Each structure stands twice: as C-alpha cells, then as structure tokens.
Amino acid sequence: MHWLFKTEPGEFSIDDLEADGTARWDGIRNYQARNFLRDQVALGEGVFIYHSSCARPGIAGQAEVIKTAYPDPAQFDATSPYFDPKASGDDPRWFCVDIRWRATFAEVLPLARLKQLPALADMVLLKQGRLSVQPVTAEQWQVIEGLAE
DNA sequence: GCCAACGTTGGC
DNA sequence: GCCAACGTTGGC
C-alpha cells in the first residue's frame with residue numbers, strides 16, 4: 001500500500017520535511033485516519049505529502065515510513081494543542097508514525113490537475129474530503145509519479 | 001470569508 | 001440508538 005498525508009504548509013511543509021530530514025507525523029485526531037496509521041501503514045511504504053488549506057493545494061513531494069505506529073506523545077501533554085484528557089498511558093487513543101523525506105517535486109502537482117485525470121477519478125483525495133491519512137493504490141501512485149517528473 | 005461535506009457531541 | 005446542534009476541514 002501507498003499513502004497520502006495532508007499537511008497545511010503554513011504549519012509544516014515539504015520544505016520543512018526536506019530541511020529536517022525526518023518527521024513525526026503526529027496530531028492526527030480523526031478515527032478513520034488513526035485506524036489507517038495504527039493498523040495499516042507499514043515500514044518502507046511511500047507517502048505523498050499533500051499541501052492543503054493554502055493558495056496552491058496539491059501534492060508537493062514524497063516520503064517513506066521509517067517507524068510504524070506508536071502512541072502520539074502529544075495526547076498526554078496538557079500544554080499541547082493535541083492534548084486529549086480522555087487518553088491515558090494504559091489506553092492511548094491516538095497514534096503517530098515517523099517518516100523520512102524522499103523528494104520534493106519541482107512544482108506542486110495541483111489538485112485541479114489531478115481532478116482532470118480519469119485514471120485518478122477513484123482517488124480517496126477526490127472522492128472524500130476531510131481525511132488526512134489515506135491510501136493510494138499502486139496504479140494511482142505510478143500515475144502521479146509520472147506527472148511529477 | 002463563504003459554505004458544503006462530514007465528523008463529533010450530547011440530550012432524550 | 002436517533003438525531004439536532006455544533007465544530008472542523010478544506011476548496012474556492
């Protein structure tokens with residue numbers, strides 16, 4: 001399986017990931033996204049980094065999974081915006097993974113462009129909004145990589 | 001800033 | 001369990 005992770009570039013962009021090299025993908029507070037992270041995201045899998053809520057929404061680059069799911073520390077940190085008072089160490093509610101930068105596309109692949117391609121019509125990104133961690137099929141991955149060259 | 005889509009909360 | 005109210009996401 002391949003994946004697509006959304007991020008607001010004003011908070012954390014592909015350029016930040018490239019500069020840092022690796023990142024903890026934390027702060028996921030949606031159950032469907034959590035379940036993908038916790039149950040399915042596997043070591044070494046590819047991840048497209050998608051910029052959302054910005055002037056040019058689209059796929060900005062790719063990364064790979066270097067550590068599979070572990071409890072998101074932010075849920076236990078009362079000073080964090082991602083604090084969850086209902087989570088406990090015995091019963092973590094939220095999970096995160098670690099990723100490593102692989103590539104920054106020469107140009108962000110615009111959402112509008114992705115929408116034009118029949119081969120991508122079934123992408124979760126295009127069929128369902130509001131899901132910040134989502135699967136990408138091998139076929140979709142190949143098509144998008146081809147566009148990014 | 002608007003607003004559609006959809007997730008979450010909480011009363012019953 | 002239903003569903004209305006409310007909150008959030010995210011494109012435009």
Side-chain angles (χ1 to χ4, degrees), chain A residues 1-20 23-41 45-65 68-99 101-137 139-149:
Chain A
M1 187 67 75
H2 306 272
W3 302 97
L4 181 147
F5 291 179
K6 291 183 184 174
T7 181
E8 298 187 17
E11 301 292 321
F12 188 82
S13 72
I14 190 73
D15 294 328
D16 295 322
L17 180 59
E18 180 171 1
D20 295 347
R24 168 187 290 157
W25 210 260
D26 59 4
I28 300 298
R29 296 292 180 270
N30 166 284
Y31 287 104
Q32 203 179 349
R34 189 278 309 269
N35 292 346
F36 281 130
L37 276 186
R38 186 189 59 189
D39 304 333
Q40 293 192 245
V41 173
E45 288 183 325
V47 178
F48 285 133
I49 303 299
Y50 179 89
H51 284 176
S52 66
S53 295
C54 58
R56 291 164 48 247
I59 298 175
Q62 61 168 282
E64 72 177 89
V65 178
T68 54
Y70 57 100
D72 181 347
Q75 71 194 304
F76 308 123
D77 176 0
T79 67
S80 166
Y82 298 120
F83 177 63
D84 184 344
K86 295 176 184 169
S88 73
D90 292 343
D91 185 23
R93 180 178 291 208
W94 306 112
F95 291 80
C96 56
V97 300
D98 291 350
I99 62 173
W101 175 86
R102 248 193 212 165
T104 300
F105 295 162
E107 294 182 18
V108 172
L109 261 175
L111 175 63
R113 178 103 186 279
L114 302 176
K115 285 180 176 175
Q116 291 170 352
L117 300 170
L120 299 180
D122 289 333
M123 272 193 86
V124 177
L125 180 70
L126 304 183
K127 301 194 88 169
Q128 176 183 354
R130 307 166 36 101
L131 183 59
S132 56
V133 171
Q134 54 179 260
V136 174
T137 68
E139 292 78 11
Q140 291 161 356
W141 182 273
Q142 278 196 329
V143 168
I144 292 166
E145 278 206 311
L147 292 172
E149 284 169 0

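All heavy atoms count here, side chains included; hydrogens, waters and symmetry mates do not. Computed from a prediction, not measured in an experiment: that's the story for all the values here. In what follows, chains carry the letters A, B, and so on, assigned in the order in which the sequence lines appear, proteins first and then strands, with residues in each chain numbered from 1.
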Given protein heavy atoms under 4.0 Å, the one-letter contact record of nucleotides 7-12 of chain C, with B base, S sugar-phosphate only and - none, is simply BBBBSS
Value for CD1 (A:I49) from CG (A:D15), rounded to nearest 0.5 Å, stands at 12.0 Å
Interatomic spacing from CZ in A:F5 to CG in A:L17 - rounded to 0.5 Å: 11.0 Å
4.5 Å side-chain heavy-atom contact, A:R93 and A:K86: yes
Sort out for me which residue in A:D26, A:D84, A:N30 forms a side chain to side chain donor-acceptor pair (under 3.5 Å) with A:W94. A:D84
Under-4.0 Å salt bridge between A:R24 and A:D72: no
In whole angstrom, what separates A:L126's CG from B:dA4's C1'? 17 Å
